[in-house]
Protein chains: 2
Amino acid sequence: MASDKLSLIFSALADPTRRAILAALALGPMPVGEIAKPFDMSEPAVIKHLKVLERAGLVETDRKGQMRPRSLNAQPLAEASSWVEQYRQFWETSFDQLDAYLEELQAGEQE
Amino acid sequence: MASDKLSLIFSALADPTRRAILAALALGPMPVGEIAKPFDMSEPAVIKHLKVLERAGLVETDRKGQMRPRSLNAQPLAEASSWVEQYRQFWETSFDQLDAYLEELQAGEQE
DNA sequence: TGATTATATAACCAATTGGTTTTCATTTGT
DNA sequence: ACAAATGAAAACCAATTGGTTATATAATCA
(Lines give C-alpha, C1' and ligand atoms only; values in the text may rest on other atoms or scores of the structure.)
Protein backbone atom coordinates (compact mmCIF):
# COMPACT_ATOMS: atom_id res chain seq x y z
CA MET A 1 0.00 0.00 0.00
CA ALA A 2 1.10 3.57 -0.64
CA SER A 3 2.09 5.40 2.51
CA ASP A 4 1.25 8.98 1.65
CA LYS A 5 -1.23 10.59 3.96
CA LEU A 6 -4.26 10.59 1.68
CA SER A 7 -3.71 6.95 0.75
CA LEU A 8 -3.49 5.99 4.41
CA ILE A 9 -6.77 7.77 5.08
CA PHE A 10 -8.71 6.32 2.15
CA SER A 11 -7.25 2.91 2.82
CA ALA A 12 -8.35 3.09 6.46
CA LEU A 13 -11.89 3.91 5.32
CA ALA A 14 -11.98 1.03 2.84
CA ASP A 15 -13.25 -1.49 5.36
CA PRO A 16 -16.73 -1.76 6.90
CA THR A 17 -15.37 -2.84 10.29
CA ARG A 18 -13.17 0.22 10.48
CA ARG A 19 -15.97 2.54 9.39
CA ALA A 20 -18.17 1.00 12.09
CA ILE A 21 -15.44 1.62 14.66
CA LEU A 22 -15.32 5.28 13.66
CA ALA A 23 -19.11 5.49 13.95
CA ALA A 24 -18.91 4.04 17.46
CA LEU A 25 -16.16 6.43 18.50
CA ALA A 26 -18.22 9.34 17.18
CA LEU A 27 -20.41 8.79 20.26
CA GLY A 28 -17.41 9.23 22.54
CA PRO A 29 -14.14 7.60 23.63
CA MET A 30 -14.34 3.92 24.37
CA PRO A 31 -12.03 1.18 25.69
CA VAL A 32 -10.90 -1.58 23.35
CA GLY A 33 -13.10 -4.22 24.94
CA GLU A 34 -16.22 -2.22 24.30
CA ILE A 35 -15.17 -1.34 20.77
CA ALA A 36 -14.61 -5.00 20.00
CA LYS A 37 -17.90 -6.31 21.47
CA PRO A 38 -20.21 -5.88 18.43
CA PHE A 39 -17.82 -7.59 16.03
CA ASP A 40 -17.68 -11.25 15.24
CA MET A 41 -13.90 -11.43 15.42
CA SER A 42 -11.16 -11.71 18.00
CA GLU A 43 -9.89 -8.74 19.97
CA PRO A 44 -6.46 -8.86 18.34
CA ALA A 45 -8.17 -8.48 14.99
CA VAL A 46 -9.96 -5.37 16.24
CA ILE A 47 -6.70 -4.03 17.65
CA LYS A 48 -5.16 -4.42 14.20
CA HIS A 49 -7.99 -2.40 12.70
CA LEU A 50 -7.42 0.23 15.39
CA LYS A 51 -3.77 0.39 14.43
CA VAL A 52 -4.70 1.04 10.81
CA LEU A 53 -6.99 3.85 11.94
CA GLU A 54 -4.29 5.26 14.21
CA ARG A 55 -1.75 5.22 11.40
CA ALA A 56 -4.19 7.30 9.37
CA GLY A 57 -4.52 9.69 12.31
CA LEU A 58 -8.22 8.96 12.72
CA VAL A 59 -8.01 7.40 16.15
CA GLU A 60 -6.01 8.34 19.22
CA THR A 61 -5.10 6.36 22.29
CA ASP A 62 -5.33 7.58 25.86
CA ARG A 63 -4.33 5.90 29.12
CA LYS A 64 -6.82 5.57 31.96
CA GLY A 65 -5.44 3.09 34.46
CA GLN A 66 -5.36 -0.30 32.88
CA MET A 67 -7.52 0.81 29.98
CA ARG A 68 -6.41 2.50 26.77
CA PRO A 69 -9.54 4.24 25.57
CA ARG A 70 -9.57 5.22 21.92
CA SER A 71 -11.07 8.42 20.64
CA LEU A 72 -12.03 9.77 17.25
CA ASN A 73 -9.93 12.41 15.55
CA ALA A 74 -11.88 13.39 12.46
CA GLN A 75 -9.36 15.98 11.33
CA PRO A 76 -7.85 13.80 8.58
CA LEU A 77 -11.31 13.40 7.10
CA ALA A 78 -11.18 17.08 6.18
CA GLU A 79 -8.38 16.24 3.80
CA ALA A 80 -10.27 13.31 2.32
CA SER A 81 -13.30 15.52 1.94
CA SER A 82 -11.46 18.26 0.15
CA TRP A 83 -9.96 15.77 -2.27
CA VAL A 84 -13.35 14.29 -3.08
CA GLU A 85 -15.01 17.69 -3.32
CA GLN A 86 -12.71 18.59 -6.22
CA TYR A 87 -14.92 16.27 -8.25
CA ARG A 88 -18.27 17.53 -7.04
CA GLN A 89 -19.06 19.39 -10.27
CA PHE A 90 -18.52 16.17 -12.18
CA TRP A 91 -21.28 14.32 -10.41
CA GLU A 92 -23.59 17.18 -9.54
CA THR A 93 -24.38 18.34 -13.02
CA SER A 94 -23.74 15.01 -14.73
CA PHE A 95 -20.96 17.05 -16.23
CA ASP A 96 -19.08 13.89 -17.06
CA GLN A 97 -21.77 12.69 -19.40
CA LEU A 98 -22.19 16.12 -20.93
CA ASP A 99 -18.45 16.29 -21.36
CA ALA A 100 -18.32 12.90 -23.06
CA TYR A 101 -21.03 14.08 -25.43
CA LEU A 102 -19.20 17.30 -26.23
CA GLU A 103 -15.99 15.35 -26.79
CA GLU A 104 -17.79 13.18 -29.30
CA LEU A 105 -19.18 16.21 -31.08
CA GLN A 106 -15.75 17.76 -31.22
CA ALA A 107 -14.11 14.55 -32.42
CA GLY A 108 -16.71 14.35 -35.16
CA GLU A 109 -15.91 17.87 -36.28
CA GLN A 110 -12.19 17.20 -36.46
CA GLU A 111 -12.48 14.23 -38.79
CA MET B 1 -10.72 -6.59 0.73
CA ALA B 2 -14.37 -5.99 1.50
CA SER B 3 -16.56 -5.89 -1.59
CA ASP B 4 -19.34 -3.56 -0.53
CA LYS B 5 -19.72 -0.51 -2.69
CA LEU B 6 -18.27 2.07 -0.32
CA SER B 7 -15.24 -0.12 0.42
CA LEU B 8 -14.61 -0.57 -3.30
CA ILE B 9 -14.72 3.20 -3.78
CA PHE B 10 -12.45 4.12 -0.87
CA SER B 11 -10.10 1.32 -1.74
CA ALA B 12 -9.88 2.56 -5.33
CA LEU B 13 -8.98 6.01 -4.03
CA ALA B 14 -6.29 4.66 -1.71
CA ASP B 15 -3.54 4.79 -4.30
CA PRO B 16 -1.77 7.84 -5.76
CA THR B 17 -1.52 6.30 -9.23
CA ARG B 18 -5.26 5.74 -9.35
CA ARG B 19 -6.02 9.23 -8.06
CA ALA B 20 -3.72 10.62 -10.75
CA ILE B 21 -5.59 8.60 -13.38
CA LEU B 22 -8.87 10.11 -12.20
CA ALA B 23 -7.34 13.58 -12.36
CA ALA B 24 -6.25 12.92 -15.93
CA LEU B 25 -9.65 11.62 -16.94
CA ALA B 26 -11.28 14.69 -15.43
CA LEU B 27 -9.87 16.54 -18.43
CA GLY B 28 -11.68 14.21 -20.80
CA PRO B 29 -11.76 10.60 -22.05
CA MET B 30 -8.42 9.13 -22.99
CA PRO B 31 -7.07 5.89 -24.51
CA VAL B 32 -5.04 3.52 -22.35
CA GLY B 33 -1.73 4.37 -24.00
CA GLU B 34 -2.11 8.01 -23.16
CA ILE B 35 -3.26 7.31 -19.62
CA ALA B 36 -0.23 5.11 -19.03
CA LYS B 37 2.37 7.51 -20.46
CA PRO B 38 3.13 9.61 -17.36
CA PHE B 39 3.65 6.61 -15.10
CA ASP B 40 6.86 4.78 -14.49
CA MET B 41 5.31 1.35 -14.81
CA SER B 42 4.25 -1.09 -17.51
CA GLU B 43 0.97 -0.77 -19.37
CA PRO B 44 -0.45 -3.96 -17.87
CA ALA B 45 0.09 -2.43 -14.43
CA VAL B 46 -1.91 0.63 -15.47
CA ILE B 47 -4.62 -1.58 -16.92
CA LYS B 48 -4.86 -3.30 -13.55
CA HIS B 49 -5.34 0.05 -11.86
CA LEU B 50 -8.02 0.88 -14.42
CA LYS B 51 -9.80 -2.36 -13.58
CA VAL B 52 -9.85 -1.41 -9.90
CA LEU B 53 -11.34 1.96 -10.82
CA GLU B 54 -13.90 0.30 -13.09
CA ARG B 55 -14.94 -2.12 -10.37
CA ALA B 56 -15.62 0.89 -8.17
CA GLY B 57 -17.68 2.43 -10.96
CA LEU B 58 -15.35 5.41 -11.30
CA VAL B 59 -14.16 4.68 -14.81
CA GLU B 60 -16.00 3.49 -17.88
CA THR B 61 -14.73 1.93 -21.07
CA ASP B 62 -15.81 2.87 -24.56
CA ARG B 63 -14.86 1.38 -27.92
CA LYS B 64 -13.53 3.55 -30.71
CA GLY B 65 -12.02 1.34 -33.37
CA GLN B 66 -8.94 -0.31 -31.96
CA MET B 67 -8.90 1.98 -28.95
CA ARG B 68 -10.83 1.59 -25.72
CA PRO B 69 -10.94 5.11 -24.34
CA ARG B 70 -11.67 5.37 -20.62
CA SER B 71 -13.80 8.09 -19.13
CA LEU B 72 -14.47 9.38 -15.66
CA ASN B 73 -17.72 8.64 -13.90
CA ALA B 74 -17.62 10.65 -10.71
CA GLN B 75 -21.05 9.54 -9.53
CA PRO B 76 -19.70 7.06 -6.95
CA LEU B 77 -17.73 9.89 -5.38
CA ALA B 78 -21.04 11.39 -4.28
CA GLU B 79 -21.48 8.39 -2.02
CA ALA B 80 -17.98 8.68 -0.63
CA SER B 81 -18.57 12.36 -0.07
CA SER B 82 -21.80 11.87 1.81
CA TRP B 83 -20.18 9.30 4.07
CA VAL B 84 -17.31 11.61 4.90
CA GLU B 85 -19.59 14.59 5.36
CA GLN B 86 -21.31 12.81 8.23
CA TYR B 87 -18.21 13.66 10.20
CA ARG B 88 -17.85 17.26 9.15
CA GLN B 89 -19.04 18.63 12.49
CA PHE B 90 -16.34 16.63 14.22
CA TRP B 91 -13.52 18.32 12.40
CA GLU B 92 -15.05 21.72 11.84
CA THR B 93 -15.70 22.74 15.40
CA SER B 94 -13.29 20.40 17.13
CA PHE B 95 -16.56 18.94 18.28
CA ASP B 96 -14.84 15.68 19.06
CA GLN B 97 -12.86 17.22 21.86
CA LEU B 98 -15.88 19.13 23.14
CA ASP B 99 -17.88 15.93 22.98
CA ALA B 100 -15.29 14.00 24.94
CA TYR B 101 -15.45 16.69 27.59
CA LEU B 102 -19.25 16.56 27.74
CA GLU B 103 -19.16 12.78 27.95
CA GLU B 104 -16.89 12.99 30.95
CA LEU B 105 -19.11 15.55 32.64
CA GLN B 106 -22.14 13.35 32.08
CA ALA B 107 -20.35 10.24 33.29
CA GLY B 108 -19.44 12.11 36.44
CA GLU B 109 -23.06 13.09 37.05
CA GLN B 110 -24.33 9.55 36.63
CA GLU B 111 -22.13 8.08 39.34
C1' DT C 1 2.01 -11.94 46.51
C1' DG C 2 -1.00 -13.97 43.41
C1' DA C 3 -5.20 -13.86 40.58
C1' DT C 4 -7.87 -11.26 37.43
C1' DT C 5 -8.72 -7.96 33.93
C1' DA C 6 -7.49 -5.29 29.91
C1' DT C 7 -4.67 -4.83 26.22
C1' DA C 8 -0.76 -5.84 23.19
C1' DT C 9 2.52 -8.73 20.72
C1' DA C 10 4.12 -12.83 18.23
C1' DA C 11 3.90 -16.37 15.10
C1' DC C 12 1.40 -18.17 11.77
C1' DC C 13 -1.64 -18.57 7.51
C1' DA C 14 -4.53 -17.90 3.20
C1' DA C 15 -5.99 -14.47 0.14
C1' DT C 16 -5.18 -10.10 -2.12
C1' DT C 17 -2.36 -6.45 -4.13
C1' DG C 18 0.65 -4.38 -7.23
C1' DG C 19 4.08 -5.10 -9.92
C1' DT C 20 6.71 -7.85 -13.71
C1' DT C 21 7.36 -10.28 -18.48
C1' DT C 22 5.37 -12.98 -22.00
C1' DT C 23 1.78 -14.11 -24.95
C1' DC C 24 -2.68 -13.36 -27.24
C1' DA C 25 -6.42 -10.73 -29.82
C1' DT C 26 -8.25 -7.17 -32.54
C1' DT C 27 -8.16 -3.39 -35.58
C1' DT C 28 -5.84 -0.66 -38.92
C1' DG C 29 -2.83 0.40 -42.83
C1' DT C 30 -0.10 -1.18 -46.92
C1' DA D 1 -2.72 -11.24 -46.68
C1' DC D 2 0.49 -9.35 -43.47
C1' DA D 3 2.78 -6.14 -40.42
C1' DA D 4 2.13 -2.76 -36.93
C1' DA D 5 -0.26 -0.77 -33.11
C1' DT D 6 -3.37 -0.92 -29.23
C1' DG D 7 -5.06 -3.22 -25.57
C1' DA D 8 -5.96 -7.46 -22.65
C1' DA D 9 -4.83 -11.77 -20.48
C1' DA D 10 -1.83 -15.18 -18.30
C1' DA D 11 1.57 -16.70 -15.35
C1' DC D 12 4.44 -15.49 -12.01
C1' DC D 13 6.32 -13.16 -7.70
C1' DA D 14 7.16 -10.49 -3.27
C1' DA D 15 4.87 -7.82 0.02
C1' DT D 16 0.66 -6.69 2.47
C1' DT D 17 -3.82 -7.65 4.57
C1' DG D 18 -6.94 -9.55 7.71
C1' DG D 19 -7.75 -13.06 10.22
C1' DT D 20 -6.38 -16.86 13.81
C1' DT D 21 -4.41 -18.79 18.47
C1' DA D 22 -1.11 -18.51 21.99
C1' DT D 23 1.74 -15.79 24.85
C1' DA D 24 3.25 -11.59 27.22
C1' DT D 25 2.67 -7.27 29.78
C1' DA D 26 0.54 -4.03 32.92
C1' DA D 27 -2.72 -2.49 36.28
C1' DT D 28 -6.05 -3.63 39.85
C1' DC D 29 -7.95 -6.36 43.49
C1' DA D 30 -8.03 -9.74 47.32
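Chain letters run A, B, ... following the sequence lines, proteins first and then strands; every chain starts at 1. Everything quoted here is computed from the prediction, not taken from an experiment.
A/Pro31 comes within contact range of the sugar-phosphate backbone alone, with a heavy-atom separation under 4.0 Å but no base atom that close.
Scanning for salt bridge (Lys or Arg N to Asp or Glu O under 4.0 Å) contacts around A/Lys5 gives A/Glu79, with sequence neighbours left out. Legend: residues meeting salt bridge (Lys or Arg N to Asp or Glu O under 4.0 Å) with B/Lys48, ordered by chain and number and at least two apart, are absent. For A/Arg88, the salt bridge (Lys or Arg N to Asp or Glu O under 4.0 Å) partners at least two apart in sequence or on another chain are A/Glu85, A/Glu92. Applying the side-chain hydrogen bond (donor to acceptor under 3.5 Å, both in side chains) criterion to A/Asp62, with sequence neighbours excluded, gives no partner residue. Residues satisfying the salt bridge (Lys or Arg N to Asp or Glu O under 4.0 Å) test with B/Glu54, not counting sequence neighbours, are B/Arg70.
For A/Ser11 against A/Met1, the heavy-atom pair with the smallest separation is OG-SD, 3.5 Å. Pairing each heavy atom of A/Val84 with each of B/Leu77, the nearest pair is CG1-O, 3.6 Å. Closest non-hydrogen pair, A/Tyr87 versus B/Ala26, comes out as CE2-CB, 4.1 Å. Contact detail for A/Gln66 and A/Arg68: the closest heavy-atom pair is O-NH1, 3.5 Å.
Heavy-atom distances under 4.0 Å link DNA chain D to A/Met41, A/Ser42 of residues 34-42 of chain A, given in residue order. Near DNA chain C, meaning a heavy atom under 4.0 Å from it, residues 11-22 of chain A has no residue at all. Sorted by residue number, the members of residues 47-55 of chain B with any non-hydrogen atom under 4.0 Å from DNA chain C read B/Lys48, B/His49.
The CD-C1' distance, from B/Glu43 to C/dG19, rounds to 15 Å in whole Å.
Checking D/dT16, D/dA9, D/dT21 against every side-chain atom of A/Pro44, the shortest atom distance belongs to D/dT21.
Of the residues near DNA chain C, A/Ala2 and A/Gly33, the one whose nearest nucleotide (by heavy atom distance) lies more toward the 5' end is A/Gly33.
The ring-ring contact (aromatic ring centres under 6.0 Å, His included) contacts involving residues 5-36 of chain B comprise B/Phe10-B/Trp83, where partners must be two or more places apart or lie in separate chains. Listed by first and then second residue, the salt bridge (charged side-chain N to carboxylate O under 4.0 Å, His left out) pairs that reach into residues 14-25 of chain B are A/Asp4-B/Arg19, sequence neighbours excluded. Listed by first and then second residue, the ring-ring contact (aromatic ring centres under 6.0 Å, His included) pairs that reach into residues 25-70 of chain A come to none, sequence neighbours excluded.
Between B/Arg70 and D/dA8 there is a side-chain polar atom (N or O) within less than 4.0 angstrom of OP1 or OP2.
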For this session: Quick one, give me the B/S/- string for nucleotides 24-30 of chain C, reading 5' to 3', where B means a protein heavy atom under 4.0 Å from the base and S means that only happens at the primed atoms, P, OP1 or OP2.
Result: ---BS--

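Using a 4.5 Å heavy-atom cutoff, the side chains of A/Ser3 and A/Arg55 are in contact.
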